[in-house]
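One structure below.
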Amino acid sequence: MVCQLDRRNILVTGGCGFIGTNFIRHALDIRPDWHIVNLDLLTYAGNPENFNDLSLENKKRYSFIQGDIRDSDFLNSLFEKESFDGVIHFAAESHVDRSIQGPDVFVDTNVTGTFRLLEASLVSWKKAGRPDSFRFHHISTDEVYGSLGPDGYFTETTPYDPSSPYSASKAASDHFVNAYLKTFDLPSLITNCSNNYGPFQFPEKFIPLMILNIMEEKQLPVYGDGKNIRDWLYVIDHCEAIIKVFEEGKPGETYNIGGNAEYQNIDIVYLLCDMLDDRIGRFGNNSSRKLIQFVTDRPGHDRRYAIDATKIRNELGWMPRYTFDTGMKATIDWYMENVEWVNSVRSGEYREWIKNNYDKRKVK
Ligand code: NAD
Ligand code: TYD
């Protein structure tokens with residue numbers, strides 16, 4: 001059943017990051033009855049300027065507040081002031097390589113932060129008389145399931161078996177969400193999604209890093225043998241799935257979201273080289289493929305992720321609309337047209353991270 005309310009006041013956490021930005025921009029466009037409060041700490045991954053070009057109509061239904069999901073006092077006063085109809089929780093530390101170099105903040109933000117947000121939501125939900133229409137939607141990842149062999153898929157009943165501090169922290173946060181539903185009845189939902197790509201993705205992640213390095217003729221660092229497989233999903237498809245689940249999903253349920261687009265990392269790098277070379281006009285001996293460098297692998301590197309998205313398709317009628325080809329073309333277009341955005345997010349901190357992560361990887 002679709003929740004029927006005249007105006008929905010929705011709290012989105014982490015809305016200045018990659019998926020949150022795409023989600024808010026898309027939701028404001030297609031849900032004219034939503035008012036969105038974007039709560040974001042503005043870590044290195046958050047950029048409030050992603051909303052500078054909203055239409056006047058959308059701006060009226062959007063507000064930004066800088067704050068920390070780990071801060072209970074701040075959360076309690078925000079919930080008191082706003083009385084939210086729902087929470088969509090994206091805020092997290094999200095980069096596996098960073099979680100290997102510095103796991104503490106992953107536990108703080110992803111576990112403690114989620115716990116504090118659940119507490120504030122619960123207090124406010126109880127005060128409001130436990131409205132049935134309230135939803136706490138937790139955005140999680142397929143990485144909680146660990147690594148697949150060459151066959152099989154992750155379903156909603158696959159046992160959790162996380163490999164990295166990042167995925168362990170997301171797994172713990174999922175368990176807290178489930179515990180708040182089972183113990184306190186807080187109406188919550190979890191979606192576990194495969195790797196996203198698209199506009200506004202911070203260029204420490206694989207696809208934007210490769211696109212920009214190709215454009216700038218820098219080395220293309222491929223971890224290990226390059227044969228690790230991810231199931232890629234265009235971010236707008238993910239956003240549409242989230243809206244479906246938020247509005248029509250059943251509290252207590254988990255939904256897996258995937259793009260049905262499994263590729264080895266090395267094949268993606270080849271594809272990006274060829275697509276960009278075509279656009280830039282690099283041919284023959286000049287091919288960007290010569291920039292590829294196989295480098296020391298990531299420790300605990302999961303070999304394969306692949307989602308079985310039958311449940312969300314059968315129960316809620318969601319399917320991805322973008323193919324890998326259309327999604328990748330849109331992504332390349334966006335990075336080529338938004339050089340200013342790229343330069344603005346590549347701060348001193350970013351350059352330091354790149355140096356830190358790649359200088360110590362040996363070329364194989
Ligand atoms: P991101 O790193 O781009 O953005 C995270 C945002 O959270 C940033 O704006 C940051 O400022 C904010 N944030 C961090 N700590 C905070 C805190 N303590 N309080 C408030 N805000 C804080 O991440 P993303 O790629 O947009 O991922 C969003 C969510 O989706 C995450 O929960 C991630 O685990 C999940 N997810 C991501 C992918 C993917 O491929 N990117 C796939 C599946 C699931
Ligand atoms: P990433 O974007 O970090 O996502 P995740 O680790 O959450 O799946 O990486 C995607 C894949 O690309 C993963 O198998 C690691 C690999 N990778 C590289 O080979 N080189 C790189 O420089 C990066 C950042 C990732």
Side-chain angles (χ1 to χ4, degrees), residues 5 7-95 105 108-110 112-114 116-121 124 134-139 196 198-205 208 235-236 238-240 242-243 246 334 338 340-347 349-350:
L5 285 174
R7 176 183 180 273
R8 306 214 75 201
N9 194 28
I10 311 292
L11 175 65
V12 170
T13 69
C16 292
F18 162 48
I19 305 176
T21 290
N22 281 284
F23 180 80
I24 291 174
R25 292 171 65 96
H26 191 66
L28 288 171
D29 279 345
I30 67 167
R31 286 291 177 270
D33 57 333
W34 281 22
H35 176 268
I36 295 179
V37 175
N38 174 8
L39 155 59
D40 197 298
L41 182 60
L42 300 183
T43 67
Y44 76 94
N47 186 1
E49 289 169 16
N50 294 350
F51 302 96
N52 283 355
D53 65 339
L54 288 184
S55 69
L56 273 181
E57 206 286 314
N58 284 357
K59 259 190 191 137
K60 281 190 219 148
R61 294 181 291 110
Y62 170 75
S63 47
F64 170 68
I65 176 157
Q66 184 170 10
D68 192 334
I69 56 163
R70 295 167 293 186
D71 182 343
S72 304
D73 293 342
F74 162 74
L75 287 178
N76 289 334
S77 64
L78 178 68
F79 274 77
E80 184 97 358
K81 192 170 130 228
E82 288 280 351
S83 62
F84 294 114
D85 300 303
V87 175
I88 305 179
H89 175 36
F90 294 90
E93 288 293 331
S94 68
H95 191 32
V105 70
D108 286 352
T109 293
N110 300 359
T112 308
T114 300
R116 298 250 157 85
L117 191 64
L118 283 163
E119 269 294 301
S121 303
S124 135
F134 182 87
R135 295 283 180 274
F136 185 102
H137 184 148
H138 180 55
I139 308 299
N196 286 216
F200 297 103
Q201 188 165 29
F202 194 74
E204 65 187 352
K205 300 280 168 62
V235 65
I236 295 299
H238 185 193
C239 295
E240 289 183 347
I242 293 169
I243 291 178
F246 182 71
W334 192 87
N338 287 278
E340 228 173 89
W341 181 89
V342 169
N343 291 336
S344 77
V345 302
R346 291 202 290 198
S347 62
E349 195 278 347
Y350 174 79

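Count residues from 1 along the sequence.
The side chain to side chain donor-acceptor pair (under 3.5 Å) search around S77 returns none, not counting sequence neighbours. Not counting sequence neighbours, E49 has no partner by the salt bridge (charged side-chain N to carboxylate O under 4.0 Å, His left out) test. Considering only residues two or more places apart in sequence or on other chains, H95 meets the ring-ring contact (aromatic ring centres under 6.0 Å, His included) condition with W353. Under the side chain to side chain donor-acceptor pair (under 3.5 Å) criterion, N38 pairs with Y62, not counting sequence neighbours. Residues that satisfy the side chain to side chain donor-acceptor pair (under 3.5 Å) test with N22, not counting sequence neighbours, are absent from this structure. Applying the side-chain contact (heavy atoms from CB on, under 4.5 Å) criterion to D29, with sequence neighbours excluded, gives N58.
One finds the CD1 atom of I24 at 12.0 Å from the CD1 atom of I19 (value rounded to the nearest 0.5 Å).
At a threshold of 4.5 Å between non-hydrogen side-chain atoms, the residues T13 and L117 count as touching.
The aromatic rings of W334 and F200 sit tilted relative to each other, their planes meeting at an angle between 30° and 60°.
Using a distance-only test at 3.5 Å, with no hydrogens or angles considered, a donor-acceptor pair links the side chain of T21 to the main chain of G15. Within the 3.5 Å criterion, the main-chain N or O of N9 finds a donor-acceptor partner in the side chain of D85. Within the 3.5 Å criterion, the main-chain N or O of P208 finds no donor-acceptor partner in the side chain of Q201. A distance-only check finds a donor-acceptor pair linking the side chain of K59 to the backbone of N52 [under 3.5 Å]. Put simply, the side chain of R116 never gets that close to the backbone of D71: no donor and acceptor are under 3.5 Å apart. At least one donor-acceptor pair under 3.5 Å links the side chain of R61 to the backbone N or O of W34. Within the 3.5 Å criterion, the main-chain N or O of E93 finds a donor-acceptor partner in the side chain of N110.
Minimum heavy-atom separation, D68 to L39: N-CD1, 4.3 Å. When all heavy atoms are compared, the tightest approach of C16 to P48 is SG-CA, 3.8 Å. Closest of all the heavy-atom pairs between H89 and A91 is CE1-O, 3.3 Å.
A salt bridge links D53 to R25: at least one charged side-chain nitrogen sits closer than 4.0 Å to a carboxylate oxygen.
Here the two rings, on F90 and F23, have centers that are under 6.0 Å apart. Aromatic ring centroids of F202 and Y350 lie under 6.0 Å apart.
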Worksheet item: Are I243 and R31 close enough, and set up right, to give a side-chain contact (heavy atoms from CB on, under 4.5 Å), and what steps lead you there?
Response: CA-CA 9 Å; I243 291 178; R31 286 291 177 270; 3.7 Å; yes
